[in-house]
Amino acid sequence: MLLVLSYMLSAGKCHDGGRASSLGGLRVWRLAVGSRTIPEPQVLSSRRNPPVKSSTTLARPCPSVLACSVRPTLTMVPAWLWLLCFSIPQAFPEAQPAELSVEVPENYGGNFPLYLTKLPLPHEKPEGQIVLSGDSGIPAEGPFAVDSDSGFLVVTSALDREEQAEYKLQVTLETGDGYVLWGPQPVIVHVKDENDQVPQFSQTIYRAQLSQGTRPGIPFLFLEASDGDAPGTANSDLQFHVLSQTPAQPSSDMFQLEPRRGALALSPEGSTSLDRALEGSYQLLVQVKDMGDQAIGHQATATIEVSIVQSTWVPLEPIHLAENLKVPYPHPIAQVHWSGGNVHYHLESQPPGPFDVDADGKLYVTMELDREAQAEYLLQAWAQNSHGEDYAKPLEFHVVVTDENDNPPVCLPRGSSISIPELSAPGTEVTQLLAEDADAPGSPNSHIVYQLLTPEPQKGAEGRAFALDPTSGSVTLGTVPLQAGQDILLQVLAIDLAGAEEGLSSMCEVEITITDINDHAPEFTISQIEPVSLPEDVEPGTLVATLMATDADLEPAFRLMEFAIEAGDKEGIFGLDWEPGSDHVQLKLRKNLSYEAIPHHKVVVVVRNVEKLVGPGPGPEATATVTVLVERVMLPPKLDQENYEASVPISTPAGSHLLTIQPSDPMNRTLRFSLVNDSEGWLCIKEVSGEVHTAQSLQGAQPGDTYTVLVEAQDADEPRLSASAALVVHFLKPPPAPALTLAPMPTRFLCTPRQDYGVVVSGLSEDPNLASVPGPYSFALGPNPTVQRDWRLQPLNDSHAYLILALHWVEPGEYEVPVVVSHNAHTWQLLVQVIVCRCNVEGRCLRKVGRMKGMPTKLVAVGTLLGTLAAIGFFLILIFTHLALARKKDLNQPADSMPLKVAV
Ligand SMILES: *[C@@H]1O[C@H](CO)[C@@H](O)[C@H](O)[C@H]1NC(C)=O
Ligand SMILES: *[C@@H]1O[C@H](CO)[C@@H](O)[C@H](O)[C@H]1NC(C)=O
Ligand SMILES: CC(=O)N[C@H]1CO[C@H](CO)[C@@H](O)[C@@H]1O
């Protein structure tokens, strides 16, 4: 009862309206009354939980005069007051509450039955029986009953909250046969707690080990105590306190105890002095008390024995663990130990690794380690209390993963192939191989040695194409030269363990392409072309020869060639034609050939690379010589007329000149003339000069006839080249020959030895038929050989000629020289009378011209001879002298070349 009153005291005031109260104890005053329409009985019977159409919570507090004005006193509350207070809801019977909630103090010390609340039974109580049952119709529990007269719910004995804190009841009004007339009305009865339970420690004696080095404030022991009173109330609000510490050395406050949590820890003071404390134990008397900070309440005590132990929390040496260790896992590797009690170990790995710690502090590795993934771990081991608080700083130690040769060398991938120009010098760096080994650097496991596998040294060849430095992996060119265009796969074995037999290895491959350089000059396939014969008359543009060239280089750009004429064509007669990029060139004629100018050519063609040549210059094969022989082209001779015609009187004597056959143009060639079918033999032709004469007298020829012969002209050098023309001879009537012979010619004198004058012969005839015809006269000596030997005719003008001595000396005498005159197809003969006499000193005849006329008589001759004998003797010496002078003059100047003077 005392406790109930104390609740009243703490209840504070009742708010206006009593709507809410923070204290559970005042629920007494609060009644939740739900207003709802009362359903029809039938409906109630059929549906025990009808839907609430509308509900408003209307707090119906006790009248303020009763409830709110009650000053809490320590006097007992009379039972009627309870009763009155609980009966209030009956004033509003029509507002039947949904659920009635009633609070009953625990351990009630008053009279029983204690009226709890008036049930909201209907006003007009139908015949029926009030039935009280537990929730959901099970038989009512606890000491509850309904006073059927007053309609109050009563409790018949004291209640114990620790036994049962809440009762759920329901009230119905039923007929005898169980038909429900009203209800069910649920009622909840809360038993209000009273501080009737004493707190209890979980143990009477606690034992704890405290390691030296524990940080202050870190609880190493958690006290536990329980209180049976309602949780969350002051009745069960427990607090812990240290009552005493034995021994009180070196400090009386070595420990601190958190009042609420009951966590025992070293105080800061205790922490500093703990090391000085002897190893031993402390005894603590501790108390637990309910009612929180209030002085009142129940309490209990217990003893704690704290034994101080030496710290075993010492750093660990680094742990070496082999990678790929084949052992069952988890595999213990070390142990940590926190000597204090109540310890939980916690392990962290940096970086996170497969490590674990068990409750005993044993450290494990839970799976195989891989040094290449992580070579070292930093482990931190923590000693913690049950709340995860650290007793001390973590222990740090390293786990070093020791290496195993579990990684072969790996060649670094290489992008494209390497290009090396051909003819590079031995020792030229080709590439640098680089293999990496993931095993521990600096250890034999990652000591890589290179070994060249391919290309293998060629049989019989000295040295190799490539040299490899086994340590550095540097590849250089060897002594064996490489050829352009070769694609070489370099295979190099990279072996770890410094190349030991058990070392791991892998193949590094490098593709090497030998690129071309322009080290080959183009060459002609044939450098001496067989002589080419070309006729002189081939047209410019004619192909003379096609020259092929080759280039041993591979690169198309290095095979490009150009051609030129180097020598043998100063005149530009030849030219070269080639397509760009082609390997053959055409030597063509650009101008006319000429046998006379150059009978043969020696053309030197040179071929060169377009690109610059590397290395030695072009050899002799870079030139080709073309010999061109010019063939002479002989045209057949051509005569100046296609047909020749001549008119001849049939009386023409033999040896008369008819005409001269001549070539059309004066060529540098000799022709041989002949007559093809002179069947009559009338004519003859001079082989060289082409003069046509009558060969004999034209016996048988008739005037008016024509006689045709073919004249052939043959080349003297090339007899097959010839020309022919027809010579048509027209025969004429013979001229009146007597008239001509009668024509007297004045006698002339010529002195011998020959002087530089002659006798004028006139062709003019007195025959008017002949004289009137214009045209030149031609003169010829008669065919007599003596005449032809002694005399010569020299043309003077168209109508006259000179007759001169052919020989230097002609016997003096009287001569009759036949001269054949031709004029306009008329030919006649003159007999020229010439007297040859000895020359006097003046180059004249000695005889007087007048005396020469007629034959001298003997007397005159004898007289003359005698008369002149003296004169001869007188002039003898004089003449002799003159003759000597004249001889001398003759020797100095040949008579043939002397110019002729017209004779007086
Ligand atoms: C070359 O000869 C042809 C005939 O053979 C001739 O017509 C041409 O004029 C000549 N050309 C030269 C430049 O002499
Ligand atoms: C000579 O030959 C030519 C051409 O064949 C012919 O016209 C002519 O009559 C011939 N002359 C003689 C004398 O046979
Ligand atoms: C045509 C002509 O000039 N005729 C002459 C040729 O020579 C002789 C002799 O001198 C002259 O008498 C002609 O007149």
Side-chain angles (χ1 to χ4, degrees), residues 534-542 544 569 571-575 588-598 628 630-636 638-639 641-646 648 650 658 661 665 673-685 692 694-696 698-702 705-713 722-731 743 745-748 750 756-766 770-779 793-804 819 821 823-824 830 832 899-904:
L534 284 180
E536 216 173 2
D537 59 349
V538 290
E539 288 184 2
T542 303
V544 178
D569 186 33
E571 299 79 11
I573 294 173
F574 299 95
K588 285 186 172 174
L589 207 57
R590 289 268 188 269
K591 294 182 181 170
N592 285 350
L593 289 171
S594 163
Y595 176 85
E596 281 77 22
I598 309 167
V628 177
V630 183
E631 281 174 25
R632 177 172 206 168
V633 173
M634 299 291 290
L635 291 175
K638 207 171 168 193
L639 302 178
Q641 294 178 29
E642 288 189 3
N643 288 301
Y644 294 87
E645 288 194 27
V648 178
I650 52 170
L658 296 188
I661 308 291
D665 46 348
F673 296 97
S674 60
L675 298 174
V676 176
N677 55 354
D678 181 18
S679 51
E680 299 294 336
W682 282 330
L683 302 175
C684 67
I685 189 165
V692 180
T694 48
Q696 52 178 327
L698 305 175
Q699 279 182 351
Q702 297 298 320
D705 283 355
T706 57
Y707 179 63
T708 305
V709 290
L710 275 182
V711 180
E712 191 178 46
S722 65
S724 59
L727 170 59
V728 181
V729 180
H730 300 272
F731 294 116
M745 288 292 298
T747 308
R748 303 292 179 188
L750 288 175
D756 52 353
Y757 54 84
V759 174
V760 176
V761 180
S762 173
L764 296 177
S765 163
E766 278 143 22
L770 295 171
S772 63
V773 180
Y777 294 78
S778 66
F779 301 88
L793 278 169
Q794 198 96 41
L796 174 60
N797 55 24
D798 277 353
S799 54
H800 293 74
Y802 278 124
L803 179 67
I804 58 173
V819 173
V821 182
H823 176 62
N824 278 343
L830 303 177
V832 181
L900 288 167
K901 287 180 190 168
V902 176
V904 180

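Counting starts at 1 for both ligands and their atoms, following the listed order. Owing to the predicted nature of the structure, the values given are computational and were not obtained by experimental measurement.
Partners of Arg590 by side chain to side chain contact (heavy atoms under 4.5 Å, CB included), not counting sequence neighbours, listed by chain and number: Asp577, Lys588.
No side-chain heavy atom of Asn643 sits less than 4.5 Å from a side-chain heavy atom of Val728. By the 4.5 Å heavy-atom criterion applied to side chains, Val628 and Phe574 are counted as neighbours. Counting heavy atoms from C-beta outward, Ile598 and Val630 have side chains that stay 4.5 Å or more apart.
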As a test of reading the model: which N/O atoms of the protein lie under 3.5 Å from N/O atoms of ligand 2, and at what distance?
from	atom 1	to	atom 2	distance (Å)
ligand 2	2 (O)	Asn677	ND2	2.1
ligand 2	11 (N)	Asn677	ND2	3.2
ligand 2	11 (N)	Thr708	O	2.9

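By the neighbour-count criterion of 12 heavy atoms within 6.0 Å, atom OH of Tyr595 is sparsely surrounded, having that number or fewer from other residues, nucleotides or ligands. Around the CD atom of Glu539, the shell of radius 6.0 Å holds no more than 12 heavy atoms that belong to other residues, nucleotides or ligands.
The distance from atom OG1 of Thr706 to atom CZ of Phe731, rounded to the nearest 0.5 Å, is 8.0 Å. Note that the CD atom of Glu571 and the CG atom of Asn592 stand 13.0 Å from one another [nearest 0.5 Å].
The closest approach between a heavy atom of Asn797 and any atom of ligand 3 is below 4.0 Å.
Under a 4.0 Å criterion applied to the non-hydrogen atoms of His800, ligand 3 contributes the atoms 4 (N), 5 (C), 6 (C), 7 (O), 8 (C), 13 (C). Applying the 4.0 Å criterion to heavy atoms of Ser799 picks out, from ligand 3, the atoms 4 (N).
In terms of polar-atom proximity, defined here as any N/O pair under 3.5 Å, Asn592 does make such a contact with ligand 1.
With a 4.0 Å heavy-atom cut-off, ligand 3 is reached by no atom of Ser762.
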